[in-house]
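A short worksheet on the structure shown next.
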Number of protein chains: 2
Amino acid sequence: MSRNGEIQVRVGRNGAQRADDEAQDPQGGAATLAEAAYRRLRQDIVTGVFAPNQPLRLELLRQRYGLSFSPLREALNRLQSERLVVTAPLRGFSVAPVSIEEMWDATETRILIECEALRRSITRGDDDWEAGIVAALHALDLQVRRRAAGALGADELIALETRHQDFHRALIAQCRSRRLIDLSNQLYVETQRYRLPTLAGQIPAASRDVAFEHREIMEAALARRSDEAVALLAAHYRRTSTLTEAAMQSGAAK
Amino acid sequence: MSRNGEIQVRVGRNGAQRADDEAQDPQGGAATLAEAAYRRLRQDIVTGVFAPNQPLRLELLRQRYGLSFSPLREALNRLQSERLVVTAPLRGFSVAPVSIEEMWDATETRILIECEALRRSITRGDDDWEAGIVAALHALDLQVRRRAAGALGADELIALETRHQDFHRALIAQCRSRRLIDLSNQLYVETQRYRLPTLAGQIPAASRDVAFEHREIMEAALARRSDEAVALLAAHYRRTSTLTEAAMQSGAAK
DNA sequence: GCACGATATATTTTCGAAAGAAAGATGATT
DNA sequence: AATCATCTTTCTTTCGAAAATATATCGTGC
């Protein structure tokens, strides 16, 4: 957003061609710089670019993202309310710490929220809801296979996370509660850090069949067996956290 | 609360979890101007000084609070993530709208959260927990009586709200989940607006005995009858929302 | 009169500097 | 050498102005 006397080729205010050259949009489709800062910061935190407890000095962020203080501060405040960063007054921001207790609190809260949302979805779910779940699981499986076939880049990992979130989102899509959906999304992001190899170590893929667990959940949901679907979903999340806990304790202390 | 074997019955103003424990401070005990702006804005929104949907022009707020844009913006961002204000990019902030649907979503979500938290508290609750509940209900009753005796000022209403919140906080204090407690507090604030006379009209006090409902909940909790306590709590919240819904529909047509 | 386009105004968003506070360094005193 | 106060440095927070954008106003052509 050329600001300081940089040459700016802009034809009046009617630049209708502004439409979609988003391919190289420096702001990634964000309307404001604060929004862009929020997205990039969140990404960098959940992918481990910024480690837990690391202080987020504004000068550093300013250089890294090429922004001023205002949009950064705005983004950091949003992230604080999402528990990804913490702040002490007059002492700045830092990446939220991780701990086994926090992980389990997030996990159990997530189970509470999503199981209720899933129950409601199963009650209200229509054909579109079913189709959405089937589609999301299919796309997830494709991405899992692509990764298993050797695609280990950061982009592939992000795509995998997105597909995974989409599947869980599809399950609860018909719960008809803005709050449950938003909380589910937020808790997903919160738990994302605990699945990072840098934190949890590389959990042996052989120790479980995630794809099978997903399929079981889907089938119970589509068959409208609420209790079974909810139990499977809770077990699915608890299994992940149990494995992560073991990896954290054996791996790096603290 | 007493975590490491400290024997400490916290009562009254020494309570570590009072909603509003601040002296007469120029900034209301806030370390930063942004924090002060946050508190004042939130207060003005939940007490109806700013009506639902009202645009929150920065210039207006700047004059009203004597602050600059930066701390205001920070406060507004925090309030946005708490659903008290909404924002459209480049179009500024406004007070979040109210609707019967939103009220019920907040109510049912609150029931989900607090019933789970209450169950856990009942399981883990110790002597301090019981004492905290008894103390909070007593303080609430005192304030209710003071108000019934004719104290109708804004300060008295705020004090009543604080005591009410403290009681419900005390019930779930031992749930041992930071997230459940924070969500409970947030949902309390969200539902506060729906209890305003300006919005819901003056609900006839004779139509229910709130003090009795509170006492029933407390007695079931102290007697460790989880199912009963949870059912009473849920009914308590649903009753409030049902009355508000009726008042909203008959009163002003949105 | 009415749609349309250009200009003017209002408002938000962003910037960079200045003020304010905490952490760290220096030095004098015991 | 240790303690404390003071100075420096570093960093956060706040400000007011400038830039970018949206909204309202006005005039023009049909």
Side-chain angles (χ1 to χ4, degrees), chain A residues 1-22 25-41 50 53-81 85-96, chain B residues 25-41 50 53-81 85-96:
Chain A
M1 184 167 280
S2 60
R3 199 165 249 272
N4 294 327
E6 296 172 27
I7 296 172
Q8 181 176 350
V9 181
R10 182 165 293 189
V11 184
R13 309 193 68 266
N14 313 341
Q17 91 287 10
R18 182 189 184 277
D20 287 346
D21 43 340
E22 306 285 5
D25 188 343
Q27 288 183 27
T32 66
L33 293 181
E35 175 78 12
Y38 166 75
R39 294 191 196 176
R40 297 190 61 183
L41 261 168
F50 297 128
N53 292 307
Q54 176 177 343
L56 295 169
R57 296 273 148 62
L58 288 169
E59 179 57 31
L60 175 87
L61 300 176
R62 201 179 68 81
Q63 289 176 10
R64 181 180 174 87
Y65 299 126
L67 296 172
S68 185
F69 299 111
S70 315
L72 285 173
R73 227 146 204 299
E74 218 150 301
L76 287 165
N77 270 292
R78 285 183 63 183
L79 291 167
Q80 185 199 4
S81 65
V85 316
V86 295
T87 175
L90 299 176
R91 219 162 300 176
F93 301 85
S94 49
V95 180
Chain B
D25 194 296
Q27 285 183 21
T32 66
L33 293 180
E35 175 79 12
Y38 166 76
R39 295 192 195 177
R40 297 189 63 183
L41 262 168
F50 296 129
N53 291 308
Q54 175 177 342
L56 295 169
R57 297 270 150 62
L58 287 171
E59 181 56 31
L60 175 86
L61 300 178
R62 201 178 68 80
Q63 290 176 8
R64 181 179 174 87
Y65 300 126
L67 296 173
S68 185
F69 299 111
S70 315
L72 286 172
R73 225 143 206 300
E74 217 150 301
L76 288 165
N77 270 292
R78 285 182 62 182
L79 291 166
Q80 184 198 5
S81 65
V85 317
V86 294
T87 176
L90 297 175
R91 218 161 299 175
F93 301 86
S94 48
V95 180

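Here is how names work: the chains are called A, B, and so on, in the same order as the sequence lines, proteins then strands, and each is numbered from 1.
Contact record, B:Ala30 with B:Ala36: CB-N, 3.5 Å, taken as the closest heavy-atom pair.
Within residues 70-81 of chain B, the residues that have a heavy atom under 4.0 Å from DNA chain D are, in order of number, B:Ser70, B:Pro71.
At whole-Å resolution of the value, CG in B:Leu61 and P in C:dT11 are 12 Å apart. To the nearest angstrom, P of C:dT12 lies 9 Å from CZ of B:Phe93. Counting to the nearest Å, the C1' atom of D:dC11 and the CG atom of A:Leu60 are 12 Å from each other. One can place OH of A:Tyr65 at 16 Å from P of C:dT14, the figure rounded to the nearest angstrom. Summarising the geometry, the separation between CD on B:Glu59 and C1' on C:dT12 is reported as 12 Å, rounded to the nearest angstrom. To the nearest angstrom, C1' of D:dC15 lies 10 Å from CZ of B:Arg62. The CG atom of A:Leu33 sits 11 Å away from the P atom of C:dG16 (whole-angstrom rounding).
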List, with names and distances, any nitrogen or oxygen atoms from the protein found under 3.5 Å away from nitrogen or oxygen atoms belonging to nucleotides 6-10 of chain D.
none

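The pair A:Arg78-A:Glu74 does not count as a salt bridge, with every side-chain nitrogen at least 4.0 angstrom from each carboxylate oxygen.
Looking at A:Leu76 and A:Thr87, their side chains never come closer than 4.5 Å, going by heavy atoms from C-beta outward. For the pair B:Leu67/B:Leu33, a side-chain contact is recorded, criterion being any heavy-atom separation below 4.5 Å from C-beta on. Side-chain contact between B:Arg62 and B:Leu72: present, with at least one pair of heavy atoms (C-beta onward) separated by less than 4.5 Å. Between A:Arg64 and A:Phe50 the shortest side-chain heavy-atom distance falls below 4.5 Å. Here the side chains of A:Arg57 and A:Phe93 are not in contact, with every heavy-atom distance at 4.5 Å or above.
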Check the pair B:Asn53, B:Ser94 against side-chain contact (heavy atoms from CB on, under 4.5 Å), reporting the backbone distance first and the verdict last.
CA-CA 6 Å; B:Asn53 291 308; B:Ser94 48; over 6 Å; no
Run the side-chain contact (heavy atoms from CB on, under 4.5 Å) test on B:Leu79 and B:Tyr38 for me, step by step, so that the C-alpha distance in whole Å, both residues' side-chain angles and the decisive distance to 0.1 Å come before the verdict.
CA-CA 7 Å; B:Leu79 291 166; B:Tyr38 166 76; 3.6 Å; yes
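Here the nucleotide nearest the side chain of A:Arg91, chosen from D:dA17, D:dT14, C:dA22, is C:dA22. Comparing D:dT23, C:dT13, C:dA17 by their closest approach to the side chain of A:Thr32 singles out C:dT13. Candidate nucleotides D:dA17, D:dT12, C:dG16 were compared by shortest atom distance to the side chain of A:Leu58, and D:dT12 ranks first.
With DNA chain C read from its 5' end, the first of the two nearest nucleotides for B:Thr87 and A:Pro89 is the one closest to B:Thr87.
At a threshold of 4.0 angstrom between heavy atoms, the contacts of B:Leu90 are confined to the sugar-phosphate backbone, with no base atom among them.
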